Amino acid sequence: MQSVAVVGGGVIGLSIALAASDAGWRVRVVDAGVADRASHVAGGMLGSLGEGIPGEETLLAMSVESVRRWPALIDRLGDPNVVTATDSLFVAGTAADLHRLDHLARFVWSKQTDARTVLTSITGRDIRALETALSTRLVGGYRAEGEWALDNRRLLTALRDTARASGVVFDDTRIGSRDALDDDQVVLAAGLGTNALWPQAQLQAAKGEVLRLRRTRSSVPPPRHVIRAAVGGRNVYLVPRADGIVVGATQYEAPVDAGDILPEAGGVLDLLADATEVMPGLRTYELVEAGAGLRPCTADGLPIIRRLDERTVVATGHGRNGIVLAPLTADEVVGLLGDPRRAPTPAAMTSGGER
Ligand SMILES: Cc1cc2nc3c(=O)[nH]c(=O)nc-3n(C[C@H](O)[C@H](O)[C@H](O)COP(=O)(O)OP(=O)(O)OC[C@H]3O[C@@H](n4cnc5c(N)ncnc54)[C@H](O)[C@@H]3O)c2cc1C
């Protein structure tokens, strides 16, 4: 049996490790720990439609394809409670916000290839009928049936446990060079840490703040849908969890080696202001955590999934969509491991440029 070392124990590395083990590889995951792991911070939305942005058609097509593969991965993990919502609402605070949502919906509709997700226009009254705790000021929006959210931390635990049960070994160390590994194959899936192991990756960091709030006995319950709101030109999302809500997320450039990744006061302030405007009852929730993470981004917004040399495959640069793209990435990497001459399939048109 051939061996592979997967460097990185975030959602990308763990998904690859499980898929490689299922494909018959002897797998070990080499991981430096949770401190700089974007997957631990994420909101967990599977936003194939919600992340559809004009100019990013390839990314949208990849996301739609990957989202299609998520139910099988959830079945493989055997923990249905990883899924915290199966539908999303896109809601607008003003007529101008609604106009912007209409524009995005028209784009997504024109590219719509995923029969599993259904997008319908809804009024302010519909919003209140679907989610009674949302503000009466919301003017309208869209319902995306089949656009899921996952509990990212429960997902990481389920991936690790399932991988371990299928024979994957975990090695909790930070490696300084891929030459330090003597496995038959090496997969670099170290998020932003990939820069240090393969400098041509040239990943940039997009910092994001996220809040975790817990329901109290006197609070209204969390919404059943993911709520993605446009409020006065700003975006905020509320993602349900079993015991509360994740509110996110800001996005701005940051140094790649940002040291301790702490949230800025202004980001926390904006998120709380926007989230309580959308759902006033959030004020009685307990603020359990204000966190921040760095999204590993490429210049063209597409992930890098390709073979570097006869022993090394790279899978990184998933930006704001790493959870969405995990199953597709894992399948592509396993294909590359099994057939070193294989080109990326059309389902995974990965980041270009001279590398
Ligand atoms: C605020 C925020 C919200 C987000 N929300 C969403 C969302 O709703 N949906 C979505 O799809 N995506 C979301 N994302 C993006 C998503 O989190 C990332 O794309 C994804 O987590 C990247 O996963 P990864 O495994 O590549 O990297 P990481 O999760 O960063 O994992 C990399 C791992 O590699 C390890 N490592 C690094 N260097 C080394 C080394 N030299 N040796 C050994 N190990 C090493 C690290 O310790 C770490 O564990 C969000 C991101 C942020 C920051």
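The figures that follow rest on heavy atoms only: side chains count, while hydrogens, waters and symmetry mates do not. Read the numbers this way: they start at 1 and go in the same order the structure lists the ligands and their atoms. Computed from a prediction, not measured in an experiment: that's the story for all the values here.
- Below 4.0 Å from some heavy atom of Gly44 lie the following atoms of ligand 1, by number and element: 7 (C), 8 (O).
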- Query: Going through the distances and angles, do Asp309 and Arg178 end up as a salt bridge (charged side-chain N to carboxylate O under 4.0 Å, His left out)?
  - Reply: CA-CA 12 Å; Asp309 57 43; Arg178 50 194 159 114; 3.2 Å; yes

- Item | Trace of the salt bridge (charged side-chain N to carboxylate O under 4.0 Å, His left out) decision for Asp22 with Arg76 | CA-CA 10 Å; Asp22 285 349; Arg76 175 73 182 90; 2.8 Å; yes

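- The residue Leu192 has no part lying near ligand 1, judged by heavy-atom distances below 4.0 Å.
- Ranking protein heavy atoms by distance to atom 36 (N) of ligand 1, first place goes to Ala190 CB, 3.8 Å.
- Residue Ala249 places no N or O, backbone or side chain, under 3.5 Å from any N or O of ligand 1.
- Looking at ligand 1, you'll find an N or O of Gly319 within less than 3.5 Å of one of its N or O atoms.
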- Message: Could you walk me through whether Glu286 and Leu213 satisfy the side-chain contact (heavy atoms from CB on, under 4.5 Å) test, starting with their C-alpha distance in whole Å, then the side-chain angles of each, then the deciding distance to 0.1 Å, before giving a yes or no?
- Response: CA-CA 5 Å; Glu286 291 167 339; Leu213 296 106; over 6 Å; no

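- A distance of 6.0 Å separates CD1 in Ile305 from CG in Leu328, rounded to the nearest 0.5 Å.
- Of the possible polar contacts, one joining the Asp151 side chain to the Arg153 backbone as a donor-acceptor pair under 3.5 Å is found.
- Formation of a donor-acceptor pair under 3.5 Å by the Thr250 side chain with backbone atoms of Gly267 is not found in this model.
- Nearest protein neighbour of atom 27 (O) of ligand 1, counting heavy atoms only, is Gly191 CA, 3.6 Å.
- In terms of polar-atom proximity, Pro296 is not counted as a contact of ligand 1, lacking any N or O under 3.5 Å from an N or O of the ligand.
- The two residues Ala201 and Thr194 have their closest heavy-atom pair at CB-CG2, 4.4 Å.
- In summary, the atoms of ligand 1 found under 4.0 Å from a heavy atom of Gly193, numbered by their order in the structure, are 37 (C), 38 (N).
- In the vicinity of Arg174, heavy-atom distances shorter than 4.0 Å reach the ligand 1 atoms 38 (N), 39 (C), 40 (C), 41 (N), 42 (N), 43 (C).
- Taking all heavy atoms of Gly10, Ala42, Gly33, Ser39 into account, the minimum distance to atom 23 (O) of ligand 1 is reached by Ser39.
- The atoms of ligand 1 that sit less than 4.0 Å from any heavy atom of Ala32 are 43 (C), 44 (N), 45 (C), 47 (O).
- Distances between N or O atoms of Met45 and those of ligand 1 include at least one value under 3.5 Å.
- Taking every heavy atom of Gly293 and a limit of under 4.0 angstrom, the matching atoms of ligand 1 come to 53 (C).
- Of the N and O atoms on the side chains of Thr284 and Ser219, at least one donor lies less than 3.5 Å from an acceptor on the other residue.
- Listed by atom number, the atoms of ligand 1 under 4.0 Å from Val30 heavy atoms are 43 (C), 44 (N).
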- Task: Check the pair Arg154 / Asp79 against salt bridge (charged side-chain N to carboxylate O under 4.0 Å, His left out), numbers first and verdict last.
- Result: CA-CA 9 Å; Arg154 192 166 179 141; Asp79 181 2; 2.7 Å; yes

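- Residue-level proximity to ligand 1 for Arg320 is carried by the backbone, the only part with a heavy atom below 4.0 angstrom.
- Ligand 1 has an N or O atom lying under 3.5 Å from an N or O atom of Gly43, backbone or side chain.
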- Test side-chain contact (heavy atoms from CB on, under 4.5 Å) applied to Val186 and Val4, step by step: CA-CA 5 Å; Val186 172; Val4 57; over 6 Å; no

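- At under 3.5 Å, a nitrogen or oxygen of Ala38, whether backbone or side chain, sits near a nitrogen or oxygen of ligand 1.
- The protein heavy-atom contact nearest to atom 51 (C) of ligand 1 is Arg295 CG, 3.5 Å.
- Contact detail for Met279 and Pro221: the closest heavy-atom pair is CE-O, 3.9 Å.
- For ligand 1 and Ile323, the ligand atoms under 4.0 Å from any heavy atom of the residue are 10 (C), 11 (O), 12 (N).
- The shortest contact between atom 46 (C) of ligand 1 and any protein heavy atom is with Asp36 OD1, 3.4 Å.
- Using a 4.5 Å cut-off between side-chain heavy atoms of Ile, Leu, Val, Met, Phe, Trp and Tyr, with links allowed through other members, Leu134 and Leu211 fall into the same hydrophobic cluster.
- Under a cutoff of 6.0 Å and an axis angle of 45°, Arg28 and Phe170 do not form a cation-pi pair.
- In terms of heavy-atom proximity, Ile74 sits nearest to Pro80 at CG2-CA, 4.3 Å.
- Between Gly322 and ligand 1, an N or O atom pair is found at a separation short of 3.5 Å.
- Relative to atom 42 (N) of ligand 1, the option among Ile175, Ile261, Thr194 with the closest non-hydrogen atom is Ile175.
- For ligand 1 and Gly208, the ligand atoms under 4.0 Å from any heavy atom of the residue are 1 (C).
- Under 4.0 Å from ligand 1, the heavy atoms of Val210 that appear belong solely to its side chain.
- Side-chain atoms of Tyr252 and Glu209 include a donor-acceptor pair closer than 3.5 Å.
- Scanning Asp31, Val7, Val239 for the heavy atom closest to atom 35 (C) of ligand 1 points to Asp31.
- Protein heavy atom in closest approach to atom 25 (O) of ligand 1: Ile12 N, 3.1 Å.
- For the pairing with Asp87, the salt bridge (Lys or Arg N to Asp or Glu O under 4.0 Å) check across Arg224, Arg228, Arg143 returns one residue only, Arg143.
- Residue Val324 places at least one N or O, backbone or side chain, under 3.5 Å from an N or O of ligand 1.
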